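Have a look at the structure below before the remarks.
Note that the numbering runs from 1 along the sequence shown for the chain. Keep in mind the model is a prediction, meaning the values are calculated, not measured.
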Amino acid sequence: MATVTSVSLSVICRTYGERKLNTSSAIYLGSNFDGVRFRSSISCNCVGVRASSSSSRLVVRCMSTASDPPTVSETKFNFLRAYKHPIPSVYNTVLQELIVQQHLMRYKRSYRYDPVFALGFVTVYDQLMEGYPSDEDRDAIFQAYIRALNEEPEQYRIDAQKLEEWGQSQTASSLVEFPSREGEVEGILKDIAERARSKENFSYSRFFAVGLFRLLELANATEPTVLEKLCAALNIDKRSVDRDLDVYRNLLSKLVQAKELLKEYVDREKRKREERAESQAANEAITKCLGEYQYVKN
(Lines give C-alpha, C1' and ligand atoms only; values in the text may rest on other atoms or scores of the structure.)
Protein backbone atom coordinates (compact mmCIF):
# COMPACT_ATOMS: atom_id res chain seq x y z
CA MET A 1 0.00 0.00 0.00
CA ALA A 2 1.29 3.43 -0.84
CA THR A 3 2.35 5.72 1.95
CA VAL A 4 -0.26 8.34 2.87
CA THR A 5 1.01 11.76 3.79
CA SER A 6 -0.94 14.49 5.57
CA VAL A 7 -1.30 17.94 4.07
CA SER A 8 -2.05 20.74 6.52
CA LEU A 9 -4.86 23.24 6.07
CA SER A 10 -2.40 26.12 5.79
CA VAL A 11 -0.69 24.46 2.82
CA ILE A 12 -4.01 23.87 1.10
CA CYS A 13 -5.10 27.45 1.68
CA ARG A 14 -1.80 28.86 0.37
CA THR A 15 -1.99 26.68 -2.70
CA TYR A 16 -5.64 27.08 -3.61
CA GLY A 17 -6.79 30.02 -1.48
CA GLU A 18 -9.61 29.86 0.99
CA ARG A 19 -12.39 27.88 -0.61
CA LYS A 20 -15.82 26.78 0.56
CA LEU A 21 -17.39 23.59 -0.63
CA ASN A 22 -21.16 23.30 -0.95
CA THR A 23 -21.14 19.60 -0.10
CA SER A 24 -22.00 17.14 2.61
CA SER A 25 -20.10 16.72 5.86
CA ALA A 26 -18.25 13.72 4.38
CA ILE A 27 -17.36 13.42 0.68
CA TYR A 28 -15.43 10.65 -1.01
CA LEU A 29 -14.00 11.32 -4.46
CA GLY A 30 -12.57 8.45 -6.47
CA SER A 31 -9.90 8.87 -9.13
CA ASN A 32 -12.55 8.95 -11.87
CA PHE A 33 -15.04 10.97 -9.74
CA ASP A 34 -17.65 8.22 -9.97
CA GLY A 35 -17.80 7.58 -6.23
CA VAL A 36 -19.35 10.75 -4.84
CA ARG A 37 -21.55 10.39 -1.75
CA PHE A 38 -23.71 13.26 -0.46
CA ARG A 39 -25.38 13.10 2.97
CA SER A 40 -26.80 16.60 2.98
CA SER A 41 -26.44 19.76 0.95
CA ILE A 42 -24.97 22.31 3.32
CA SER A 43 -22.15 24.82 3.26
CA CYS A 44 -19.05 23.61 5.04
CA ASN A 45 -15.40 24.58 5.43
CA CYS A 46 -12.57 22.21 4.68
CA VAL A 47 -10.75 21.22 7.86
CA GLY A 48 -8.46 18.42 6.77
CA VAL A 49 -7.15 16.70 3.64
CA ARG A 50 -5.24 13.48 3.12
CA ALA A 51 -3.52 12.81 -0.16
CA SER A 52 -1.50 9.89 -1.49
CA SER A 53 1.62 10.49 -3.51
CA SER A 54 1.08 7.35 -5.58
CA SER A 55 -2.67 7.26 -5.83
CA SER A 56 -5.19 9.70 -7.23
CA ARG A 57 -7.75 8.80 -4.56
CA LEU A 58 -8.59 11.86 -2.46
CA VAL A 59 -10.53 11.95 0.78
CA VAL A 60 -11.95 15.29 1.85
CA ARG A 61 -13.52 15.70 5.27
CA CYS A 62 -15.47 18.81 6.12
CA MET A 63 -16.98 20.19 9.30
CA SER A 64 -20.60 21.17 8.90
CA THR A 65 -21.60 24.69 9.81
CA ALA A 66 -25.10 23.46 10.71
CA SER A 67 -25.68 21.10 13.62
CA ASP A 68 -28.11 18.24 13.48
CA PRO A 69 -31.22 18.61 15.67
CA PRO A 70 -31.25 16.62 18.91
CA THR A 71 -33.09 13.33 19.12
CA VAL A 72 -36.25 12.79 21.16
CA SER A 73 -34.27 10.83 23.74
CA GLU A 74 -31.80 13.71 24.11
CA THR A 75 -34.63 16.19 24.69
CA LYS A 76 -36.21 13.91 27.30
CA PHE A 77 -32.81 13.42 28.95
CA ASN A 78 -32.28 17.19 29.11
CA PHE A 79 -35.65 17.57 30.79
CA LEU A 80 -34.92 14.89 33.39
CA ARG A 81 -31.45 16.30 33.99
CA ALA A 82 -32.87 19.79 34.60
CA TYR A 83 -35.61 18.56 36.93
CA LYS A 84 -34.36 15.64 38.99
CA HIS A 85 -37.27 15.29 41.44
CA PRO A 86 -39.92 12.57 41.00
CA ILE A 87 -43.19 13.65 39.34
CA PRO A 88 -46.46 11.85 40.20
CA SER A 89 -47.36 9.46 37.42
CA VAL A 90 -50.72 11.10 36.66
CA TYR A 91 -48.77 14.22 35.62
CA ASN A 92 -45.57 12.63 34.35
CA THR A 93 -47.25 10.30 31.86
CA VAL A 94 -48.93 13.20 30.06
CA LEU A 95 -45.81 15.40 30.28
CA GLN A 96 -43.69 12.73 28.61
CA GLU A 97 -46.22 12.39 25.79
CA LEU A 98 -46.38 16.16 25.33
CA ILE A 99 -42.63 16.64 25.21
CA VAL A 100 -42.33 13.99 22.49
CA GLN A 101 -45.05 15.70 20.43
CA GLN A 102 -43.55 19.13 20.97
CA HIS A 103 -40.06 17.92 20.09
CA LEU A 104 -41.34 16.75 16.71
CA MET A 105 -43.06 20.11 16.16
CA ARG A 106 -40.07 22.11 17.38
CA TYR A 107 -37.55 20.58 14.99
CA LYS A 108 -39.64 20.57 11.82
CA ARG A 109 -37.99 22.67 9.13
CA SER A 110 -41.08 24.86 8.82
CA TYR A 111 -41.32 25.53 12.58
CA ARG A 112 -41.19 29.09 13.77
CA TYR A 113 -42.11 30.16 17.29
CA ASP A 114 -45.12 32.45 17.61
CA PRO A 115 -47.13 33.80 20.58
CA VAL A 116 -50.36 31.94 19.65
CA PHE A 117 -48.45 28.65 19.88
CA ALA A 118 -47.04 29.80 23.23
CA LEU A 119 -50.52 30.69 24.53
CA GLY A 120 -51.76 27.25 23.51
CA PHE A 121 -48.95 25.42 25.26
CA VAL A 122 -49.18 27.52 28.43
CA THR A 123 -52.94 26.88 28.53
CA VAL A 124 -52.45 23.12 28.19
CA TYR A 125 -49.63 23.07 30.75
CA ASP A 126 -51.47 25.11 33.36
CA GLN A 127 -54.59 22.97 33.07
CA LEU A 128 -52.53 19.78 33.18
CA MET A 129 -50.62 20.88 36.29
CA GLU A 130 -53.61 22.39 38.09
CA GLY A 131 -53.69 21.02 41.61
CA TYR A 132 -50.00 20.07 41.61
CA PRO A 133 -48.79 19.81 45.22
CA SER A 134 -46.23 22.62 44.93
CA ASP A 135 -46.46 25.86 42.93
CA GLU A 136 -42.67 26.19 43.07
CA ASP A 137 -42.17 22.70 41.61
CA ARG A 138 -44.81 23.35 38.96
CA ASP A 139 -42.86 26.40 37.75
CA ALA A 140 -39.55 24.52 37.91
CA ILE A 141 -40.99 21.74 35.75
CA PHE A 142 -42.20 24.32 33.22
CA GLN A 143 -38.74 25.88 33.08
CA ALA A 144 -37.03 22.52 32.62
CA TYR A 145 -39.53 21.42 29.96
CA ILE A 146 -39.15 24.48 27.72
CA ARG A 147 -35.36 24.69 28.11
CA ALA A 148 -35.09 21.01 27.14
CA LEU A 149 -36.51 22.13 23.79
CA ASN A 150 -33.87 24.90 23.51
CA GLU A 151 -36.41 27.68 23.94
CA GLU A 152 -37.01 30.37 26.56
CA PRO A 153 -39.70 29.70 29.20
CA GLU A 154 -39.88 33.39 30.12
CA GLN A 155 -40.77 34.25 26.51
CA TYR A 156 -43.60 31.72 26.57
CA ARG A 157 -45.07 33.26 29.72
CA ILE A 158 -44.65 36.86 28.55
CA ASP A 159 -46.27 36.23 25.16
CA ALA A 160 -49.09 34.14 26.65
CA GLN A 161 -49.91 36.91 29.12
CA LYS A 162 -49.78 39.52 26.35
CA LEU A 163 -52.30 37.60 24.24
CA GLU A 164 -54.53 36.89 27.22
CA GLU A 165 -54.72 40.59 28.07
CA TRP A 166 -55.44 41.41 24.44
CA GLY A 167 -58.11 38.72 24.17
CA GLN A 168 -59.91 39.99 27.26
CA SER A 169 -60.26 43.40 25.60
CA GLN A 170 -61.76 41.98 22.39
CA THR A 171 -65.27 41.14 21.23
CA ALA A 172 -66.41 38.51 18.78
CA SER A 173 -66.39 41.02 15.95
CA SER A 174 -63.13 42.82 16.79
CA LEU A 175 -61.33 39.51 17.18
CA VAL A 176 -61.79 38.58 13.53
CA GLU A 177 -61.20 42.12 12.27
CA PHE A 178 -57.50 42.15 13.18
CA PRO A 179 -56.37 42.43 9.49
CA SER A 180 -57.84 45.93 9.27
CA ARG A 181 -56.54 47.15 12.63
CA GLU A 182 -53.18 48.28 13.99
CA GLY A 183 -51.48 47.10 17.16
CA GLU A 184 -48.79 44.77 18.47
CA VAL A 185 -50.94 41.64 18.68
CA GLU A 186 -52.71 42.52 15.44
CA GLY A 187 -49.26 42.64 13.81
CA ILE A 188 -48.43 39.22 15.22
CA LEU A 189 -51.64 37.75 13.82
CA LYS A 190 -51.05 39.37 10.42
CA ASP A 191 -47.57 37.86 10.29
CA ILE A 192 -49.01 34.43 11.10
CA ALA A 193 -51.68 34.83 8.42
CA GLU A 194 -49.07 35.76 5.80
CA ARG A 195 -46.79 32.86 6.68
CA ALA A 196 -49.73 30.43 6.73
CA ARG A 197 -50.90 31.71 3.35
CA SER A 198 -47.50 31.30 1.72
CA LYS A 199 -46.81 28.09 3.67
CA GLU A 200 -43.34 29.38 4.53
CA ASN A 201 -41.97 29.22 8.07
CA PHE A 202 -45.31 28.14 9.47
CA SER A 203 -46.17 24.78 10.96
CA TYR A 204 -49.70 24.29 12.27
CA SER A 205 -50.00 22.31 15.51
CA ARG A 206 -52.47 21.36 18.22
CA PHE A 207 -50.98 23.94 20.55
CA PHE A 208 -51.74 26.60 17.94
CA ALA A 209 -55.36 25.39 17.81
CA VAL A 210 -55.62 25.59 21.61
CA GLY A 211 -54.20 29.12 21.48
CA LEU A 212 -56.97 30.16 19.08
CA PHE A 213 -59.58 28.52 21.28
CA ARG A 214 -58.21 30.36 24.32
CA LEU A 215 -58.52 33.70 22.51
CA LEU A 216 -62.17 32.91 21.75
CA GLU A 217 -62.77 32.07 25.42
CA LEU A 218 -61.20 35.30 26.61
CA ALA A 219 -63.27 37.36 24.15
CA ASN A 220 -66.46 35.47 25.14
CA ALA A 221 -66.88 34.58 21.48
CA THR A 222 -68.87 31.38 21.81
CA GLU A 223 -70.57 31.35 18.40
CA PRO A 224 -69.15 28.66 16.07
CA THR A 225 -69.08 31.14 13.19
CA VAL A 226 -66.46 33.24 15.00
CA LEU A 227 -63.94 30.40 14.93
CA GLU A 228 -64.68 29.86 11.26
CA LYS A 229 -64.06 33.54 10.46
CA LEU A 230 -60.90 33.65 12.59
CA CYS A 231 -59.48 30.59 10.83
CA ALA A 232 -60.28 32.14 7.44
CA ALA A 233 -58.53 35.40 8.42
CA LEU A 234 -55.47 33.44 9.55
CA ASN A 235 -55.48 31.14 6.50
CA ILE A 236 -55.83 28.10 8.77
CA ASP A 237 -57.83 24.98 7.92
CA LYS A 238 -60.82 24.98 10.30
CA ARG A 239 -61.26 21.21 9.97
CA SER A 240 -57.82 20.67 11.47
CA VAL A 241 -58.62 23.08 14.30
CA ASP A 242 -61.93 21.33 15.06
CA ARG A 243 -60.21 17.94 15.11
CA ASP A 244 -57.45 19.09 17.42
CA LEU A 245 -59.85 20.87 19.76
CA ASP A 246 -61.78 17.61 20.13
CA VAL A 247 -58.52 15.88 21.07
CA TYR A 248 -57.80 18.67 23.56
CA ARG A 249 -61.25 18.36 25.19
CA ASN A 250 -60.85 14.59 25.48
CA LEU A 251 -57.45 15.08 27.09
CA LEU A 252 -58.91 17.46 29.65
CA SER A 253 -61.71 15.01 30.43
CA LYS A 254 -59.23 12.19 31.00
CA LEU A 255 -57.08 14.45 33.16
CA VAL A 256 -60.04 15.34 35.37
CA GLN A 257 -60.86 11.65 35.84
CA ALA A 258 -57.22 10.77 36.58
CA LYS A 259 -56.90 13.58 39.12
CA GLU A 260 -60.10 12.48 40.84
CA LEU A 261 -58.74 8.94 41.12
CA LEU A 262 -55.46 10.32 42.47
CA LYS A 263 -57.31 12.43 45.04
CA GLU A 264 -59.34 9.41 46.17
CA TYR A 265 -56.15 7.39 46.51
CA VAL A 266 -54.39 10.13 48.50
CA ASP A 267 -57.40 10.56 50.80
CA ARG A 268 -57.67 6.79 51.32
CA GLU A 269 -53.98 6.50 52.18
CA LYS A 270 -54.28 9.46 54.53
CA ARG A 271 -57.16 7.79 56.40
CA LYS A 272 -55.16 4.57 56.66
CA ARG A 273 -52.19 6.44 58.15
CA GLU A 274 -54.46 8.20 60.62
CA GLU A 275 -56.07 4.90 61.64
CA ARG A 276 -52.66 3.29 62.10
CA ALA A 277 -51.50 6.26 64.16
CA GLU A 278 -54.62 6.08 66.36
CA SER A 279 -54.18 2.33 66.84
CA GLN A 280 -50.52 2.78 67.74
CA ALA A 281 -51.38 5.55 70.22
CA ALA A 282 -54.03 3.34 71.82
CA ASN A 283 -51.59 0.44 72.15
CA GLU A 284 -48.99 2.71 73.70
CA ALA A 285 -51.56 4.04 76.19
CA ILE A 286 -52.59 0.51 77.17
CA THR A 287 -48.95 -0.54 77.56
CA LYS A 288 -48.27 2.50 79.71
CA CYS A 289 -51.29 1.81 81.93
CA LEU A 290 -50.28 -1.83 82.40
CA GLY A 291 -46.78 -0.76 83.29
CA GLU A 292 -48.06 1.70 85.90
CA TYR A 293 -50.40 -0.98 87.31
CA GLN A 294 -47.57 -3.45 87.71
CA TYR A 295 -45.46 -0.79 89.42
CA VAL A 296 -48.21 0.05 91.96
CA LYS A 297 -48.95 -3.62 92.59
CA ASN A 298 -45.36 -4.36 93.40
**Message:** Under a 3.5 Å distance rule, please check whether Tyr248 uses its side chain to pair with a backbone N or O of Val124 as donor and acceptor.
**Reply:** no
**Prompt:** Step by step, would you call Glu152 with Tyr113 a side-chain hydrogen bond (donor to acceptor under 3.5 Å, both in side chains)?
**Reply:** CA-CA 11 Å; Glu152 293 299 326; Tyr113 169 88; over 6 Å; no
**Prompt:** Got a salt bridge between Lys238 and Glu228, using NZ or NE/NH1/NH2 to carboxylate O under 4.0 Å?
**Reply:** no
**Prompt:** So, Arg81 and Glu74, do they make that salt bridge, N to O below 4.0 Å?
**Reply:** no
**Message:** With a sphere of 6.0 Å drawn around CD of Glu136, does it hold more than 12 non-hydrogen atoms of other residues, nucleotides or ligands?
**Reply:** no
**Request:** Taking Arg106 for its side chain and Leu149 for its backbone only, find out whether a donor-acceptor pair lies under 3.5 Å.
**Result:** yes
**Message:** Salt bridge check, Asp246 against Arg243: does any charged N sit closer than 4.0 Å to a carboxylate O?
**Reply:** no
**Message:** Is it true that, when you exclude Glu130 itself, more than 12 heavy atoms of the residues, nucleotides or ligands shown sit nearer than 6.0 Å to its CD?
**Reply:** no
**Asked** salt bridge (charged side-chain N to carboxylate O under 4.0 Å, His left out) between Asp191 and Arg195: does it pass, once the steps are laid out?
**Response** CA-CA 6 Å; Asp191 176 65; Arg195 288 189 286 113; 2.9 Å; yes
**Message:** Check this for me: Lys162, atom NZ, are more than 12 non-hydrogen atoms of other residues, nucleotides or ligands nearer than 6.0 Å?
**Reply:** yes
**Asked** Do Asp159 and Gln155 have side-chain atoms, one donor and one acceptor, less than 3.5 Å apart?
**Response** yes
**Prompt:** Is there a chain of hydrophobic side chains (I, L, V, M, F, W, Y, each step under 4.5 Å between heavy atoms) that links Leu252 to Val247?
**Reply:** no
**Asked** Ignoring hydrogens and geometry, is there a side-chain-to-backbone donor-acceptor pair from His85 to Ile141 under 3.5 Å?
**Response** no
**Request:** Indicate whether any N or O donor in one side chain lies under 3.5 Å from an N or O acceptor in the other, for Gln102 and Tyr107.
**Result:** no
**Asked** Can you tell me if Trp166 and Glu184 form a side-chain donor-acceptor pair at under 3.5 Å?
**Response** no
**Ion pair Asp126/Arg157, N-O distance below 4.0 Å** = yes
**Request:** Give me the ring orientation class for Tyr145 and Phe121: parallel if the planes are under 30° apart, tilted from 30 to 60°, perpendicular past 60°.
**Result:** parallel
**Asked** Do Phe142 and Val122 come close enough that some side-chain heavy atom pair is under 4.5 Å?
**Response** yes
**Message:** Can you confirm whether the side chains of Gln161 and Glu165 place a donor and an acceptor under 3.5 Å from each other?
**Reply:** yes
**Prompt:** Quick one: do Arg138 and Asp135 make a salt bridge, cutoff under 4.0 Å?
**Reply:** yes
**Asked** Which one of Tyr204, Phe207, Phe202 satisfies the ring pair (Phe, Tyr, Trp, His ring centres under 6.0 Å) criterion with Phe117?
**Response** Phe207
**Request:** Answer yes when Lys272 and Glu275 have at least one side-chain N-carboxylate O distance shorter than 4.0 Å, and no when they do not.
**Result:** no
**Prompt:** Looking at Arg147 and Glu154, does any basic side-chain N land under 4.0 Å from a carboxylate oxygen?
**Reply:** yes
**Message:** Tell me if the CD atom of Glu274 is crowded by more than 12 foreign heavy atoms within 6.0 Å.
**Reply:** yes
**Asked** Any luck finding a side-chain donor-acceptor pair between Tyr156 and Glu151 under 3.5 Å?
**Response** yes
